[in-house]
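Only this structure's heavy atoms are used, side chains among them; waters, hydrogens and symmetry mates stay out. Just so it is clear: chains get the letters A, B, ... in the order the sequence lines come, proteins before strands, and each one is counted from 1. For clarity, every value in this text was computed on a predicted model and none was experimentally measured.
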Amino acid sequence: MRAFILLSTMAMAMVASATSLTGPRALVILDNLDDTDAYMNLWTDLQERQYNITLRDTSSPMELSKYDQRHYDHLLILSPKMKDYPKGMSAKSIVAFVADGGNVLVAGSPEMGSTLRELSREFDVEYDNRYTTVLDHFNYDQNLGNKHHDAIVVNPATYMSKAGEAIVPQDQLPGPILFRGIAHSVNPANSLLNSVLWAPSEAYSWENVNLDDPADQDPSLSGKDISLVSVMQARNNARVAFLGSTEMLTDAFFEASPKKHGDKETISGNRKFIEELTKWTFQEKSVLDVVAVQHHKVGEEEAPAHYRIKDNMTYTISIAEYHDGEWHPFSADDVQLELIMLDPYIRKTLDQVPLDDQSTVGTFTTTLQLPDQYGVFKFTVNYKRAGLTYVESVTTVGIHPFRHDQYPRFISQAKPYYTSAASMGVGLLVFSFVYLWGGLETSVKTTKKA
Amino acid sequence: MSVETTSTVARVLKPTILILIALVAISSRLFSIIRFESVIHEFDPWFNYRTTQHLVKNGFYDFWNWFDEKSWYPLGRVVGGTVYPGIMVTSAVIHNVLHFFNFPVDIRNVCVFLAPMFSGLTAFSAYLLTKELKDSSAGLLAAAFLGVAPGYISRSVAGSYDNEGIAIFLLVFTFYLWIKAVKTGSAYFGLLTALFYFYMVSAWGGYVFITNLVPLHAFTLLLMGRYSNRLYVSYSTFYAVGTLLSMQIPFVGFQPTRTSEHMAALGVFGLLQLYAFAELVRGHVTPKQFKTLLRAGVSAVAVIAVVGLTLLSFSGVIAPFTGRFYSLYDTGYAKIHIPIIASVSEHQPTAWTSFFFDLQMLIFLFPAGVYLCFKELKDEHVFIILYSVFASYFAGVMVRLMLTLTPVVCVSAAIAYSTLLDTYLEKSDHVLGTNLKPLTATNDSNGDASTDAKPTSNGTKKPHSSGKGNAKEAKATAAKADAVESKAQAKSTAAAKRYPVFNWDSRAMVILQLTWFLFMFAWHCTYVTSGSYSSPSIVLASRQQDGSQMIIDDFREAYYWLRKNTKEDAKVMSWWDYGYQMAGMANVTTLVDNNTWNNTHIATVGKAMATSEEVSYEVLRRHDVDYVLILFGGVIGYSGDDINKFLWMIRIAEGVYPNEVKETNFFTPRGEYKVDQDATPTMKNSLMYKMSYYRFAELYGGNAVDHVRQARMPSEGPKLSVLEEAYTTENWLVRIFKVKDLDVLGRSLFDATDFDKGKIRKTKKF
Amino acid sequence: MRGLSRTTLFSVAAMLGLALLAIPSSISSSGLASAQPAGEALLAKKVARLSAKASANKGIISLDSSAFEDVMSKPRNYSVVVLFTAISPEFNCVPCLNFDPEYKLVASGWSKLADKSQLYFSVLDFKAGQEIFQKMGMNSAPSVLYFPATASQSTQDRYDFGRLGFQAEPFANWLNARAGTSIKVQRPIDYMDVCIKIIGTIACLFTVYQLFTKAGKILGSKYIWSAVSMFTIFIMISGHMWNQIRNPPYTAPGRDGRPGFIAQGFQNQFGLESQIVAVLYALICGSAIVLISVVPKIENPTQQRLVVWAAMCFFGFFFSVLIKFFQVKNPGYPFTLLFK
């Protein structure tokens with residue numbers, strides 16, 4: 001079995017490079033390699049998208065990066081039971097891996113160990129206590145969760161967040177999503193973190209060991225506080241996904257046909273959901289890139305070394321979006337430009353240049369008059385939307401005051417002074433003529449005396 | 001003219017002596033170069049040097065319109081409009097001339113050697129000035145004194161490329177020209193005075209001293225009833241032309257017509273016009289009419305002047321005194337209101353020791369000279385008297401103004417000294433031959449005292465008889481007129497019975513002692529110059545136990561590191577003292593520098609230093625700061641470090657952010673300023689404290705001692721989360737810290753640091 | 001269900017508690033008072049007492065240890081300014097004496113305003129309340145602490161004499177900033193002084209008018225002017241302005257008990273010190289002047305010789321004294337004249 005996979009990965013690797021921007025090399029960590037067969041569909045999906053997958057179990061030593069070079073581009077941690085990290089790996093190295101631009105997918109389960117908890121805690125994701133499961137006595141699946149009501153059917157239409165909508169367009173999902181696993185909660189204060197899928201309102205999180213005893217206290221988590229799937233896009237745009245269950249990736253759940261109590265059978269949306277999720281996580285879609293930033297005075301082409309106060313200038317930024325293996329023009333109506341010197345002096349929405357069929361980038365432009373304030377300004381486009389790469393383009397430009405010869409030379413207010421000066425000159429001439437040839441002996445004498 | 005000028009020997013001697021004096025003046029300023037190397041010193045000179053480079057590279061117009069984006073980030077600084085361009089232009093011109101004649105001199109050397117060269121000229125102009133007051137022998141003495149007087153050397157050693165370097169020359173020379181103008185009453189000299197006044201204005205803010213002293217002189221002469229056409233011509237020319245020219249300097253602009261510092265000059269100008277007009281009228285009307293006219297005129301003028309001035313100053317057309325000048329008049333002002341000014345060391349008052357240190361024996365010969373000026377009270381002597389009184393006051397208020405005092409001290413000390421020499425060296429037979437008529441030394445003075453007594457007396461007799469009990473001036477002048485005459489008689493009688501010093505032994509005694517004092521003075525000057533005034537505070541020299549000299553070059557080490565290891569638009573925050581040096585040597589963008597024009601910005605930096613990490617991190621982010629540079633002397637005991645300056649940062653910050661920074665929180669309940677374990681929590685949490693003592697304890701394995709404050713530091717040093725140490729120089733004198741970026745995972749930097757230290761986060765519920 | 005029962009239980013307990021609390025208070029205070037107003041009554045009493053004390057003594061309450069504790073004790077709806085001082089002569093605390101009238105001035109300025117209930121001025125003399133001094137860790141007098149109404153004793157605010165000075169105005173401003181009051185300082189007009197001034201000026205004008213010509217002579221005599229300006233110069237070059245600005249002690253007790261008049265440190269000096277220097281300068285300068293202008297007026301050679309020798313010895317002697325003096329200030333100074 002494994003042999004086949006490895007061979008096929010070889011083949012794939014030869015065929016083509018991955019459609020992921022980060023790269024094709026994906027490392028999967030399993031509790032042990034016998035679980036490999038459980039995820040056949042996942043592997044094939046990933047290989048179709050031209051990843052070459054390396055499967056390891058927690059016992060075998062492995063290094064994520066060496067000499068500041070990443071060995072892998074993507075990391076799937078499907079080993080919730082992991083007691084401690086494989087040799088050569090640690091929470092630090094994984095955080096460093098993310099900081100270095102690598103993408104990570106972490107899947108938990110009720111048997112989740114402390115190592116992964118501590119790791120996810122660094123991402124402000126808090127998994128519920130060990131041996132707890134998300135239970136729901138209303139939305140359980142009759143085939144899989146009939147006994148404990150633990151395999152729950154989540155309807156994306158109601159329980160998917162807006163961020164999730166941006167990541168997994170739910171109209172593409174053939175059916176509801178089937179989930180069996182542990183609950184986690186996300187820190188609402190962390191703006192980089194978004195939960196994609198919540199548990200249904202009736203669900204709650206409870207120990208799954210002795211389910212028959214009566215509950216004698218309130219559940220720690222319940223309803224929408226429970227995140228089933230959540231994602232983080234780090235400041236460097238590396239993407240991390242947290243799942244509450246490994247099972248929702250398995251063939252069993254992919255091929256299952258969920259059936260809630262009372263209504264008819266449907267087809268599981270898991271496969272599509274996971275596909276979209278991994279596409280997003282591994283940077284196959286909704287990746288933005290600033291292709292070019294131009295700014296110049298109105299009527300010129302080149303960017304000047306510096307501007308002058310109250311100049312009229314044009315600012316243009318071109319952004320491209322990556323999906324389906326190639327770059328497309330990005331289009332939006334809410335891209336803003338800010339002129340900042342300590343505080344924003346001007347904040348203006350850029351308007352998009354209409355696209356034609358051969359345009360490859362979305363171009364946003366505006367023309368504005370610079371403020372009447374000299375200093376070093378930052379032309380900032382700070383565009384952060386859920387699911388999309390953060391766009392933060394800063395151009396530093398100096399705005400200078402007038403040169404000494406750029407002021408008006410003759411001003412009407414100064415007319416009196418001009419006249420007085422002129423009259424003075426004339427007066428001097430006249431006086432000296434009179435003085436020299438007017439024959440005023442007395443005055444001559446006095447000056448002699450002085 | 002005194003005796004020896006008649007002989008041809010003197011004709012040869014004088015120039016040679018002068019040249020020798022100039023050589024001494026120059027060479028005694030070269031210690032620093034011989035000891036260290038040809039570098040620019042201290043702080044401000046680095047800015048002047050940088051601007052000069054810019055001027056030489058890009059030409060004058062570009063310099064004039066230079067907007068410097070690298071300083072005062074992000075505000076930027078309009079350099080062209082906020083500097084006194086005199087010194088830069090001077091050295092640029094010298095540089096270009098030399099290059100025109102194919103002497104490929106580096107601009108740096110021009111800058112380094114500018115001040116010594118000008119000191120030679122200063123000596124020469126001192127000679128001229130004193131020559132006008134007494135005679136050429138006194139002049140030579142004055143030149144010699146001023147050439148080596150430490151009070152002047154302190155700001156003009158090779159490498160201290162600062163405005164004062166040329167300004168003192170201009171000061172003395174302008175005064176010389178002014179006196180010349182008053183004496184001769186020629187518009188030509190008045191014009192020259194104006195021109196050099198303009199040069200002075202372009203070179204140094206101290207020009208205000210001239211704008212107030214010259215009018216004061218004119219006014220006093222008026223009061224003394226010494227109005228003359230000479231005075232009228234010279235002053236009018238000087239004021240009209242000088243003011244117009246001075247307004248051409250962008251930095252000065254319209255100040256001469258608006259600020260109070262310049263009002264005196266304007267007032268005296270007006271007064272002179274009126275007085276002259278009165279004189280004119282008197283010539284044409286009968287005394288009786290004139291009396292009434294004068295009454296009416298004076299009262300009218302007085303009313304108009306008072307009303308006008310009050311109106312203008314209340315409507316704010318005439319600005320009140322600017323802080324720096326105001327702090328000269330009300331000495332307590334700066335201490336309370338303008339900590340920035342008070343914080344500058346050279347704005348401190350002067351203790352008597354510094355007077356003696358800078359002027360040794362001149363300081364007590366100086367009053368004797370003033371006394372002699374009083375003895376033969378001619379217009380120019382009046383000037384010297386005024387100059388000495390006011391300069392000594394200002395020098396007392398601000399150490400820095402010793403500089404303006406030194407020339408007059410040298411001049412009048414030279415007068416006193418040379419009079420002594422005259423008295424005890426004069427040839428007896430010559431004396432005996434002429435002991436009935438006054439001595440040659442006082443001959444000329446007496447002569448033209450009588451000549452210029454004439455116009456004075458007949459100029460002032462009439463107002464005395466007519467304008468009795470009228471305007472104050474009239475009264476005063478009348479009184480003065482009498483004084484003048486009585487003085488004239490007194491002098492003639494006094495001069496009549498003057499005897500030579502008969503005994504050779506007393507002569508010998510006096511002369512020998514004086515010579516000995518002269519030697520001592522020379523030694524003192526050399527000692528002071530080489531010892532105290534020749535260290536280019538960017539390179540420090542210290543003696544070790546074994547007496548060997550150790551050169552501490554940490555500043556340049558740090559700046560070099562910055563230059564080589566940071567991206568060229570890196571923004572470095574530091575206290576403002578080091579702004580110019582960083583810009584000049586490290587070529588980085590600075591937030592604040594020694595041109596302290598924006599109090600708020602400086603206060604912001606002070607706040608960033610004085611507050612806790614969270615608060616100051618926001619400030620740092622907001623100003624895009626990449627690095628923070630501080631001085632720390634605790635290892636080698638360099639007392640001028642930032643912890644010692646810290647109180648000023650706090651005060652300045654408190655002035656603007658009274659809620660975030662409180663000085664009292666940095667003092668222990670017992671009112672002490674401590675850095676060891678009983679330092680206040682606010683102190684311990686302040687960024688400055690943390691940066692200074694970061695990993696300091698480790699250096700000594702736990703029991704570290706701060707050698708500046710003699711404090712035993714706690715074994716557990718402070719922790720830094722928002723900064724990381726980037727570089728620390730050999731002797732820990734300069735420490736550079738890098739401002740961390742926001743955490744990639746959106747954690748707080750404190751958590752991130754803990755995680756990197758291997759600390760595991762506690763579980764928490766959201 | 002269970003939850004519900006718990007809440008009911010609790011509420012019952014609460015009622016009981018309230019009842020119990022209510023009983024004694026209703027007994028003690030008149031009729032239908034409850035626990036809260038009792039405290040207020042207490043407070044009201046205290047405030048009344050304090051106001052009485054204050055009004056008795058021109059708006060300043062003089063405290064001793066117990067009174068201090070009483071004033072500081074909770075409940076407290078007023079802020080307090082306490083001046084820790086040592087007036088009594090045996091301490092000879094000059095600044096205390098200087099600041100005392102200024103403080104009174106501000107206090108009276110406050111008592112002029114309406115509504116005195118929110119701020120009290122009080123004085124705690126060292127003799128009256130030594131233990132308080134120890135308790136607050138006061139090791140210097142005078143010092144002024146401001147205790148805001150809301151906070152406890154620990155959060156107090158100290159007036160910085162060093163920076164703001166001993167004048168009433170800056171102190172008032174400081175206080176206004178802290179307490180949000182609007183105290184204005186009106187210095188009482190000293191009529192006597194004013195009268196004297198007026199009379200004096202009139203007299204001067206009169207005399208001037210009378211001997212107009214003489215006055216003119218006096219004003220015009222260059223000897224007066226020379227004296228004045230020489231005096232100024234001597235004062236200035238001996239570091240008088242430094243004393244003006246830094247106002248150092250006139251003398252300070254030296255090591256061996258005797259008053260030392262030379263301050264430690266190069267950039268530091270005492271009042272007496274600078275005056276001595278001024279005198280030295282004057283003496284040397286004087287002898288120089290004698291040598292210049294007196295000597296040539298003597299026609300008797302022996303006399304002249306005597307004078308010359310005397311003057312020159314003076315000159316040399318005092319110069320060397322001066323250098324010695326300087327050497328004390330700057331031990332590294334290598335040159336000496338007479339005294340090694």
Side-chain angles (χ1 to χ4, degrees), chain A residues 90-92 95-96 98-100 114 117-118 121-129 184-193 220-221 225 227 232-236 238 240 306 308 340-343 373-378 394 396-406 442 446-447 449-450, chain B residues 61-62 64-78 80-81 184-186 228-234 240 244 250 279-280 283 454-455 458 569 571 589 601 604 619 622-624 741-748 751-752 754-766:
Chain A
S90 69
K92 244 189 198 150
V95 170
V98 173
D100 196 14
S114 64
R117 291 173 187 284
E118 284 160 14
R121 213 166 276 150
E122 290 303 320
F123 296 78
D124 276 341
V125 169
E126 186 69 41
Y127 279 94
D128 199 0
N129 301 334
H184 68 265
S185 58
V186 300
N187 181 357
N190 190 336
S191 58
L192 308 177
L193 194 59
S220 56
L221 284 169
D225 299 349
S227 306
M232 164 185 278
Q233 178 163 267
R235 282 219 161 72
N236 62 344
V240 187
H306 57 78
R308 206 197 60 204
I340 301 181
M341 186 182 76
L342 295 183
D343 308 311
Q373 162 72 44
Y374 58 76
V376 182
F377 280 75
K378 287 184 294 181
V394 176
T396 311
V397 180
I399 298 184
H400 290 196
F402 289 105
R403 282 179 66 90
H404 70 283
D405 52 3
Q406 284 170 330
T442 52
T446 47
T447 42
K449 204 168 70 184
Chain B
Y61 278 103
D62 196 35
W64 186 359
N65 296 296
W66 185 18
F67 179 78
D68 184 5
E69 296 178 5
K70 276 182 161 298
S71 59
W72 290 93
Y73 181 86
L75 309 173
R77 174 183 175 187
V78 188
T184 59
S186 77
S228 63
N229 293 344
R230 296 179 284 106
L231 182 62
Y232 178 77
V233 171
S234 48
L244 282 178
E279 292 288 306
L280 186 69
K454 260 187 220 68
N458 62 25
D569 68 338
K571 288 116 196 134
T589 307
H601 215 54
T604 316
V619 179
R622 186 146 182 267
H623 292 74
D624 310 325
D741 222 333
L742 286 169
D743 179 47
V744 148
L745 303 185
R747 302 168 290 185
S748 83
D751 297 343
D754 291 347
F755 174 71
D756 293 339
K757 290 216 185 70
K759 207 135 133 272
I760 294 160
R761 266 215 248 178
K762 293 278 144 295
T763 143
K764 55 174 179 293
K765 291 265 166 275
F766 302 120

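Side-chain contact between Y61(B) and H404(A): present, with at least one pair of heavy atoms (C-beta onward) separated by less than 4.5 Å. When side chains are defined from C-beta on, T396(A) does not count as touching E69(B), because their heavy atoms never get closer than 4.5 Å. You'll find the side chain of K571(B) stays beyond 4.5 Å of the side chain of V376(A), heavy atoms only.
We find that D741(B) and R235(A) are not joined by a salt bridge, their nearest charged nitrogen and carboxylate oxygen being 4.0 Å or further apart.
What you find for L745(B) and V98(A) is that their closest heavy atoms are CD2-CG1, 4.0 Å.
The 12-atom threshold is exceeded at NZ of K757(B), counting heavy atoms of other residues, nucleotides or ligands nearer than 6.0 Å.
How far NE2 of H601(B) is from CG of L342(A): 6.5 Å, rounded to the nearest 0.5 Å. The CD atom of E122(A) lies 9.0 Å from the CD1 atom of I760(B); values are rounded to the nearest 0.5 Å. A distance of 10.0 Å separates CZ of R622(B) from CD1 of I340(A), quoted to the nearest 0.5 Å.
Remark: Y73(B) pairs with no residue by the ring-ring contact (aromatic ring centres under 6.0 Å, His included) rule, at least two apart or across chains. Taking F67(B) as the reference, Y374(A), H400(A) meet the ring-ring contact (aromatic ring centres under 6.0 Å, His included) condition, with sequence neighbours excluded.
Neither the backbone nor the side chain of V240(A) comes within less than 4.5 Å of any heavy atom in chain B. Looking at I399(A), only its backbone comes within 4.5 Å of chain B, counting heavy atoms on both sides. When heavy atoms are compared at a cutoff of 4.5 Å, D624(B) approaches chain A solely by way of its side chain, counted from C-beta outward. With a threshold of 4.5 angstrom between heavy atoms, N187(A) approaches chain B through its backbone and through its side chain.
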